[in-house]
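One-based numbering along the sequence shown.
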Amino acid sequence: MSYQQEKIKPYDNGEKTAQVEQMFDNIAPTYDQLNHRLSWDIDRAWRRKAIKQLAPYHPETMLDIATGTGDFAILAAQMLNPRQLIGADISEGMMQKGRQKVKELGLNHVISFAKEDCLHLSYDDESFDAVTAAFGIRNFSDLDRGLREMHRVLKKDGHLSIVELTTPVSFPMKQLFHVYSHTVLPVYGRLISKDASAYTYLTKTIEAFPQGELMIDILRKAGFSEASFSRLTFGICTMYFATK
């Protein structure tokens, strides 16, 4: 079954991709602060686990999809020491924050940023040893197409590592997360980011996103020969790993 999120939009009017770009440009100044606070800093540990999945394969060329402010790209560069890592995103506001962090850390020789529509990547077939995505692909208007693009730009036997927010499936965490995501998250997000729609929208995307076995089926449909998943922190986050 094709997964489409075109109906879930941050704002009332306009095309989905343009709205997502606008939303992330709006919240870019406070995005890192909110991410870490709203997850109680657990998001850092989730990123590390996702990057460790790639360590045995020593990727030399990497693409970080929906890179945002570059946290995942920076950590991957530090942990995996690739020759080249490109962070791709549609939001210049988010990437500008990322460029500042990369410069301060002296990683300009490894990490670069590129404005890309992740459903229509500009890169040639089989360009990268590894593709990564952290907390971004649930914003795609067409997940199937986005995953096919990731598959296309991966080299044969290359690997995909994804970490994404999901809804817990077991009592009581399922009920607790529902209350948190519908009250604390949007209210706190609104107060800090000043964007009343952004964190309500993000809650909706978490609930609508396919997870677990359903996501594995979607990865295989996109062309990946092997795919697996692990739930983290009682299912608040799920980590996926796939091979071309």
What I'd like to find out is whether the side chain of [X] reaches to under 4.5 Å of the side chain of [Y], using heavy atoms alone.
X    : Y    : answer
T132 : I162 : no
Q84  : M62  : no
M215 : L147 : yes
L219 : F229 : no
F234 : L176 : no
I65  : F140 : yes
L165 : D43  : no
R47  : F135 : yes

Identify the heavy atoms of [X] and [Y] that sit nearest to each other, and give their distance.
X   : Y    : answer
L85 : A77  : CD1-N, 4.0 Å
L80 : A55  : CD2-CA, 3.6 Å
T17 : S141 : OG1-OG, 4.2 Å
T67 : G87  : CG2-C, 3.5 Å
D25 : M94  : OD1-N, 4.3 Å
A66 : D89  : C-OD2, 3.2 Å

Side-chain donor-acceptor contacts of residues 101-114 below 3.5 Å, not counting sequence neighbours, with atom names and distances?
unit_1, atom_1, unit_2, atom_2, d
K101, NZ, D32, OD2, 2.8
K101, NZ, T69, O, 3.1
K101, NZ, T69, OG1, 3.1
K101, NZ, D71, OD1, 2.5
H109, ND1, G106, O, 3.4

Run the salt-bridge test on E149 and R152 with the 4.0 Å N-O cut-off and return the result as yes or no. yes

Regarding E92 and K97, does a basic nitrogen lie under 4.0 Å from an acidic carboxylate oxygen?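 Looking at K97 together with E92, the answer is no, because their closest N to O distance does not fall below 4.0 Å.
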
Salt bridge (Lys or Arg N to Asp or Glu O under 4.0 Å) between K16 and E21, intermediate numbers included: CA-CA 9 Å; K16 168 77 177 276; E21 178 182 358; over 6 Å; no

Taking distance alone, no hydrogens or angles, what donor-acceptor pairs closer than 3.5 Å link side-chain atoms of residues 235-244 to residues at least two apart or in another chain?
unit_1, atom_1, unit_2, atom_2, d
T238, OG1, T166, OG1, 2.8
Y240, OH, G212, N, 2.9
T243, OG1, H159, ND1, 3.1
K244, NZ, H151, O, 2.9
K244, NZ, L154, O, 2.7

According to side-chain hydrogen bond (donor to acceptor under 3.5 Å, both in side chains), who are the partners of Q100, at least two apart in sequence or on a separate chain? none

Could you list the residues that satisfy side-chain hydrogen bond (donor to acceptor under 3.5 Å, both in side chains) with S122, not counting sequence neighbours? E116

More than 12 heavy atoms from other groups under 6.0 Å of CZ on R48: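 Counting other residues, nucleotides and ligands, CZ of R48 stays at 12 neighbours or fewer.
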
Filter on salt bridge (charged side-chain N to carboxylate O under 4.0 Å, His left out), then keep only pairs touching residues 50-61, sequence neighbours left out; what's left?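 Applying salt bridge (charged side-chain N to carboxylate O under 4.0 Å, His left out) to every pair that reaches into residues 50-61, excluding sequence neighbours, yields E60-R83.
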
Enumerate the salt bridge (charged side-chain N to carboxylate O under 4.0 Å, His left out) contacts for residues 161-173, please, sequence neighbours excluded, ordered by first and then second residue. R138-E164

Under the side-chain contact (heavy atoms from CB on, under 4.5 Å) rule, what do T167 and Q211 come out as? Steps first, then yes or no, please. CA-CA 8 Å; T167 52; Q211 56 183 327; 2.7 Å; yes

Criterion side-chain contact (heavy atoms from CB on, under 4.5 Å) on D217 and K221, from CA distance to verdict: CA-CA 6 Å; D217 289 342; K221 181 182 175 184; over 6 Å; no

Is there a donor-acceptor pair closer than 3.5 Å between any side-chain N or O of D124 and the backbone N or O of S127?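 No; judged by distance alone, with no hydrogens or angles, the pair does not exist.
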
